[in-house]
Structure formats: C-alpha cells, structure tokens
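Side chains included, hydrogens not; waters and symmetry mates left out as well; all remaining heavy atoms used. In the text below, chain A, chain B and the rest are named by the order of the sequence lines, each starting its count at 1.
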Number of protein chains: 2
Amino acid sequence: MGTTLKDLAGHLGISAAAVSMALNGKPGVSEQTREEVRRAAEELGYRPNRTGQALRLSRTNTIGVYFPSTVMEYSLYFAEIMRGIVAGFADTELSPLLLPSAGETGLVRDFPEVDGFVVVEPHSDDLGMFELLRSGRPTVCIDPPPASAEAPWGVVEADAPAATRDSLRHLVARGAARPGLLTIESVSEWSRTIEASYRDWCVEHGVDPAIIAITARQSNEEILELLERELGAPVPCDGLFVAGDAVAPRIAGLLRTIGRSPDGGFPLVSGVDSTMMEFHTPPISAIDLNPYGYGVHAARMMAVLLHESGRPAEPRIERLPAPLVVRGT
Amino acid sequence: MGTTLKDLAGHLGISAAAVSMALNGKPGVSEQTREEVRRAAEELGYRPNRTGQALRLSRTNTIGVYFPSTVMEYSLYFAEIMRGIVAGFADTELSPLLLPSAGETGLVRDFPEVDGFVVVEPHSDDLGMFELLRSGRPTVCIDPPPASAEAPWGVVEADAPAATRDSLRHLVARGAARPGLLTIESVSEWSRTIEASYRDWCVEHGVDPAIIAITARQSNEEILELLERELGAPVPCDGLFVAGDAVAPRIAGLLRTIGRSPDGGFPLVSGVDSTMMEFHTPPISAIDLNPYGYGVHAARMMAVLLHESGRPAEPRIERLPAPLVVRGT
DNA sequence: CCGGCGAACTTAATCGTTTAAGGAATGATG
DNA sequence: CATCATTCCTTAAACGATTAAGTTCGCCGG
C-alpha cells in the first residue's frame with residue numbers, strides 16, 4: 001500500500017532502524033542524516049503505519065466511546081456531546097471509536113483494541129457501563145457513574161445543584177410561589193442530584209415539593225393529566241423546572257391547551273438548553289449544560305491521563321459551570 | 001496483557017500455527033485437536049489480538065464515519081443516524097471510528113488505518129468529503145454526493161421525490177391551494193432534489209411556486225418577515241412543506257403569533273420526522289426518513305461490499321421508502 | 001602503539017497473528 | 001518392498017514499526 005519505513009530506508013541506502021530514529025527524534029543519527037530522512041519522507045509521502053506502531057508499542061491511540069442504549073434516541077444533547085468528543089480528540093493523537101452499547105445482556109460486544117474509554121452519562125440500568133469500568137482501563141465519564149460502579153479515572157460533570165438553585169430562584173422571580181420539578185428519568189446521577197437539590201431547596205424555603213415524574217414515551221394525554229393534578233392542588237404548582245432534554249417545548253404546548261403559558265404567569269425553565277429553547281415561541285429559559293464542552297473536556301482529560309504515568313490516586317473531577325440562560329420578558 | 005496464541009500453544013504443547021488453524025476453521029488439524037483447542041481457548045479466555053490480525057491481514061475491520069462539520073449541531077436526525085450505524089455494525093466484525101470533519105481547509109486530519117468510509121450527508125461545501133471519496137477506499141454515502149465528487153461504492157438514499165409529492169398532496173387535502181416550500185440548506189442533494197420535485201409539482205398543477213429559503217441561524221424576526229411576505233401575496237401561500245430538521249415547530253410557533261395554526265387552516269408538513277413532531281401541540285405531520293434505518297443499511301452495505309471481491313462496476317444504490325406520517329385532524 | 005570511548009550506524013529481536021512450505025508418520029498401491 | 005499420496009503437524013517467513021544490543025570507525029590519551 002503506502003510507503004513503508006523499509007521503502008524509505010532502501011531509497012536512502014540506510015537501515016530502517018536509522019530512519020525510525022531519525023523521524024522520531026531519537027538520538028543515534030547525525031543531524032545531517034536526520035534532515036535527509038525528513039526530506040525523503042516528505043517527498044515520498046511516508047505515513048507511519050498505525051497498525052505496525054500499535055503492535056510494537058501496544059498502544060492503539062484509539063478510545064472507545066460508549067453511549068447508553070436507552071436515551072440517545074430522544075436527544076439532541078447527545079449529538080452535541082459527540083461533536084465535542086470528536087473536536088476534543090482532533091487536537092490529539094487519539095481517535096474515538098464508537099462502541100455498540102449493551103442491551104439487557106450487559107455484554108459489550110467485541111471491538112478492536114482501545115487504550116481507554118469515554119463513557120457518556122453512565123446510567124445505573126446500563127450493564128455495559130459497569131463492564132467497561134471493571135475492565136480497569138483508563139476511563140473518563142461524562143457525568144458521574146453510580147456509586148455501585150468501579151471508580152473511573154476521571155469525571156466531567158455539571159454543577160447541577162447550582163443550576164437547580166438558579167432555576168428555582170428564576171421561577172420565583174417570575175412570580176412562582178410553588179415551583180415544581182418535572183423529571184424524565186431517574187437512572188442518571190444528574191437527575192438524582194437535581195431531585196435532591198430541589199428537595200433541599202424546598203425545605204429551606206418552606207415549600208411543599210411538587211415532583212412530576214414522566215417517561216419519554218408517555219402520551220401527551222397522560223402527561224397532561226399529571227400536570228392538571230398538580231395545577232389543581234390546594235396550593236397549586238405555578239411554575240416548572242423541566243429536567244430533561246427537549247421536553248420543555250412539549251410541556252409548553254400542553255400547558256397552552258389549558259390556558260397557561262411561559263409568558264403568561266406560568267414560568268418554565270428547561271434543565272437542558274438547545275436551539276429548540278432559543279427558537280421556541282416564546283423563548284424558554286434554560287440551563288446551558290454545554291454538552292459540546294463536555295465532549296471536548298472529556299477528550300482532553302483522556303489525552304492527559306494517558307500521557308501521565310499511571311492511574312491517579314483519586315478520580316480526577318472537572319466540574320463545568322452550567323449557567324442559566326434567561327429568555328423572554 | 002491477555003492470553004496470546006503462543007500462550008495457548010504452550011499450554012497445549014502444540015505449535016501456534018496449529019492453534020490458529022484450529023480456531024479459524026482452516027483444514028490441517030484433526031477434529032480432535034480442534035476441539036481441544038476450542039476448549040482451551042474458552043477456558044483461558046483467549047481473544048485474538050486485533051492489532052496482530054490487522055497487521056498480518058492488512059485489514060483493520062474499522063470503518064471511518066464522517067459527518068459534515070456544518071449541520072450536526074442543529075440536528076436530532078444525525079444522532080439517529082449514528083445510532084443506526086452503531087447498530088448496523090454491531091452484527092458484523094466491523095467497528096465505526098469517528099473521523100474529525102474537515103473545516104474550510106478540506107484536510108481530514110490523521111486517523112488510524114480504516115478499511116472504508118461511511119460518509120453521512122455529503123454536502124457540496126464540505127471539502128473533506130471530496131477527499132475521502134478521492135481516496136479510492138470503499139465508501140458508502142448516506143444520501144447521494146454531488147455530481148462533482150468521485151463516485152462512491154454505494155449510496156443509501158430516501159425517495160425524496162415521492163416524499164415531496166405525498167407532502168404536497170396532503171397539504172392540498174388539508175385545504176391548501178398554494179402550498180409553499182421552506183428550505184433550510186441548499187448544499188445537500190436531498191434539499192436540491194426536494195426543491196426540483198416541488199417545482200415539477202407546481203408546473204404540473206399550475207401553481208406559482210412559493211419558496212422560502214432560510215438558514216438555521218436566522219432570527220425569528222427575520223423568518224417571520226419572510227413568512228408574512230408570502231402569506232400576504234396576491235395569491236397567498238396557505239400551507240407549508242418545511243424541509244429541514246426540527247424547523248417545523250419553530251415555524252408553527254411563529255405562525256401562531258400571526259393567528260395561523262396547523263390545525264386552523266394553515267397545514268404544515270415537516271420533511272424530517274422526530275419525536276418533536278409527534279409530541280408537538282398540535283402534532284405535526286411529517287416524512288419519516290427513518291435515519292436509524294439509514295445508518296443500519298449503510299453499515300450492512302459496507303459489510304457486504306467488503307466481503308465481495310472488489311469495487312462494483314456501478315455504485316450500489318439502495319433507496320429507502322420515506323412515508324408520510326399523517327397527524328392531527 | 002594500543003586500549004578505550006563515543007558517534008553513527010546496522011543487526012536482530014520483538015509485538016501477535018496468519019499461511020506457505022516442509023517433514024514425519026500412516027496407509028494404500030504397484 | 002519401494003513409491004506415493006494423505007493426514008497432521010511444525011518451522012519459518014511475513015506484516016510494519018521500535019529498540020536493545022552489537023559493529024565499525026575515527027580519535028584521544030597514556
């Protein structure tokens with residue numbers, strides 16, 4: 001196929017070893033030879049064969065990227081993380097390889113040798129994630145894994161408690177006396193943290209918690225019923241923190257049918273921002289989780305961890321800010 | 001690291017070559033030995049080293065997956081394609097490797113050896129795509145590439161003309177006399193085909209075309225102005241085929257501010273379906289492009305092409321149906 | 001004049017796998 | 001019994017890179 005080290009050596013009349021040392025900046029060749037080798041490599045378009053390198057160095061420069069099987073289908077958020085991961089690795093030697101997520105069996109199927117894993121939103125019901133963490137390979141998680149899993153090498157996470165407090169403060173500022181929480185999944189640490197923070201806030205502010213738990217595949221009718229129940233309570237819920245991706249517009253549409261609107265006395269905050277919130281009519285305030293940034297940071301952290309000597313004593317934790325983007329009047 | 005062929009051979013007291021032949025079903029070993037080897041492999045947890053195989057067979061079983069740099073950020077559609085690709089390769093020996101997309105420079109950065117490429121929505125303004133097609137490696141495109149690019153080995157595409165006709169027929173059935181077309185990008189063959197089909201339909205039905213071209217980053221105010229212009233024409237546009245991902249709800253919101261609604265005399269069809277259309281209030285009819293299916297079919301086609309002897313004389317084309325999902329009253 | 005030393009290479013081993021070529025044992029055939 | 005094919009295995013050579021361990025050669029110091 002392409003030019004090999006041996007081709008290059010033959011062309012120059014020296015040994016392959018010398019060429020290797022020359023190109024890798026190792027001592028053992030004269031500066032003159034090094035320069036000649038560099039020129040010849042350029043001229044013949046030499047690209048080191050990654051497979052040969054991988055075999056020799058037992059290092060593939062490939063990182064497995066694992067997404068939970070369940071959620072990805074509803075989510076624009078994951079596409080953003082993906083973009084971020086690709087961008088983050090683009091600056092490094094590493095390449096992301098997409099792993100098939102494990103269904104109920106919990107077995108991650110066979111895949112090529114990789115140097116580490118990036119696990120996106122480890123969900124407690126995803127057995128494949130446990131398996132990857134158990135492998136002992138360098139692993140960076142985007143959002144913390146459940147406590148029952150092996151500790152990862154690193155974690156990139158959002159400041160969810162602060163985001164929850166900011167959101168509730170905003171809802172109160174917009175006139176809500178009993179802001180509720182609408183959650184969509186409870187298998188992620190992120191949603192567990194938000195729920196805990198919400199309850200803390202309620203205790204602090206003497207508010208009776210109003211938690212509406214739905215699933216992504218529930219029908220509009222069912223959800224509307226749950227909403228009406230909380231809105232018709234003795235002390236009615238009068239604002240919502242919607243902690244799921246792409247759910248807030250759906251809720252806004254349902255509320256409209258019963259005469260409530262984000263700009264008409266029923267404030268709404270989405271826990272996950274996206275262009276959908278920005279371009280909704282009226283625009284919806286949201287927490288900017290910066291999923292793209294998650295991807296970039298996770299990729300970079302992985303590159304750093306692989307360059308270091310070994311596993312850090314404690315998991316490296318990077319907490320990214322998650323500011324509230326206020327929209328509308 | 002793991003158990004190697006040599007370990008296994010040593011354990012059994014035979015040569016590594018015999019073990020290899022036994023496990024790969026090649027002739028040259030007795031059935032008894034073969035069975036013994038299989039048992040030992042199972043017992044010692046032997047997994048062939050992919051890097052070693054790759055080097056020997058000059059075949060990595062890895063496929064580069066390329067997404068255009070521009071669009072991915074607005075799109076739920078791409079996340080679905082990604083899922084499909086992962087699922088499609090899960091049945092095969094192959095693994096998808098995410099390639100960093102080329103920006104303006106047109107250079108796809110360095111990445112490990114791959115056996116072929118899956119290029120998602122080749123956009124005519126994406127130079128990286130041209131480069132990959134020029135490489136001569138097996139390439140399957142999801143949606144056809146522009147005519148100016150090298151021909152790919154295979155293409156998976158939607159029946160866009162039929163989808164356009166179905167959508168327009170539906171709009172007319174819902175009362176539109178002059179259905180318009182709202183397009184969001186013109187760099188993909190898909191949107192070019194839709195626009196051409198729309199114009200054909202207009203000629204056949206004696207309708208004056210109403211085409212509204214927007215970009216994804218345009219403000220709501222700008223878009224509203226464009227809409228109002230067409231709605232205020234002498235023969236007003238009175239229905240819309242919205243040919244972009246996740247745009248229809250945005251348009252529906254804007255139309256609502258000027259008293260038009262999908263269930264109130266201004267029918268809407270989205271050219272790209274998603275849960276957003278399903279759960280919108282009111283639900284929005286849409287073309288089910290089945291992006292997940294695209295991914296699966298592209299992956300399978302790649303596996304088939306690699307198993308065949310060489311490049312097919314003509315690009316293999318697989319056209320998937322894109323049915324209209326009718327929603328609402 | 002010779003031992004020793006550093007510079008600049010080359011040789012050879014290695015990573016884990018596959019496969020062509022070679023060889024020993026067995027059985028059949030003339 | 002010699003010949004030959006067949007079966008079942010071993011040996012050895014790749015694939016493309018890196019690197020430890022030689023091998024020259026010139027040069028300096030004693």
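Annotation: side-chain hydrogen bond (donor to acceptor under 3.5 Å, both in side chains) contacts of B:R59 (sequence neighbours excluded): B:N61. Partners of B:E31 by salt bridge (Lys or Arg N to Asp or Glu O under 4.0 Å), not counting sequence neighbours, listed by chain and number: B:R34. Residues satisfying the side-chain hydrogen bond (donor to acceptor under 3.5 Å, both in side chains) test with B:E35, not counting sequence neighbours, are B:R38. Considering only residues two or more places apart in sequence or on other chains, B:S124 meets the side chain to side chain contact (heavy atoms under 4.5 Å, CB included) condition with B:P146, B:V187. Taking A:D115 as the reference, A:T60 meet the side-chain hydrogen bond (donor to acceptor under 3.5 Å, both in side chains) condition, with sequence neighbours excluded. Under the salt bridge (Lys or Arg N to Asp or Glu O under 4.0 Å) criterion, B:E43 pairs with no residue at all, not counting sequence neighbours. By the side-chain hydrogen bond (donor to acceptor under 3.5 Å, both in side chains) test, B:R316 is found to be paired with B:E308, residues two or more places apart in sequence or in another chain being considered.
Atom pair A:K6:NZ and C:dT10:P shows a separation of 15 Å (rounding to whole Å applied). In this structure, CZ of A:R59 is placed 15 Å from C1' of D:dA17, rounded to the nearest angstrom. To the nearest angstrom, P of D:dT19 lies 6 Å from CG of A:L57. Atom P of nucleotide D:dG16 and atom CG of A:N24 are separated by 17 Å, given to the nearest angstrom. Between B:L8 atom CG and C:dG16 atom C1' the separation is 13 Å, expressed in whole Å. One can place CG of B:L55 at 17 Å from P of C:dT14, the figure rounded to the nearest angstrom.
Residues from residues 14-21 of chain A with heavy atoms under 4.0 angstrom of DNA chain C, sorted by number: A:I14, A:S15, A:A17, A:A18, A:M21. Scanning residues 25-41 of chain A for heavy-atom distances under 4.0 Å to DNA chain C yields A:G28, A:V29, A:S30, A:T33. Sorted by residue number, the members of residues 44-54 of chain B with any non-hydrogen atom under 4.0 Å from DNA chain C read B:Y46, B:R47, B:P48, B:N49, B:G52, B:Q53.
Within 4.0 Å of B:L5, counting heavy atoms only, lies at least one base atom of the nucleic acid.
Checking side-chain atoms of A:T62 against main-chain N and O of A:S95 turns up no donor-acceptor pair under 3.5 Å.
Counting heavy atoms from C-beta outward, B:Y66 and B:D126 have side chains that approach closer than 4.5 Å.
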Side-chain donor-acceptor contacts of residues 289-307 of chain B below 3.5 Å, not counting sequence neighbours, with atom names and distances?
unit_1	atom_1	unit_2	atom_2	d
B:N290	OD1	B:G293	N	3.0
B:Y294	OH	B:A158	N	3.3
B:H297	ND1	B:E318	OE2	2.5

For residues 15-27 of chain B, run the donor-acceptor check on the side chains, cut-off 3.5 Å, and write out each pair with its distance to 0.1 Å, sequence neighbours left out.
unit_1	atom_1	unit_2	atom_2	d
B:S15	OG	B:A18	N	3.3
B:S20	OG	B:N24	ND2	3.4
B:N24	ND2	B:S20	O	3.2

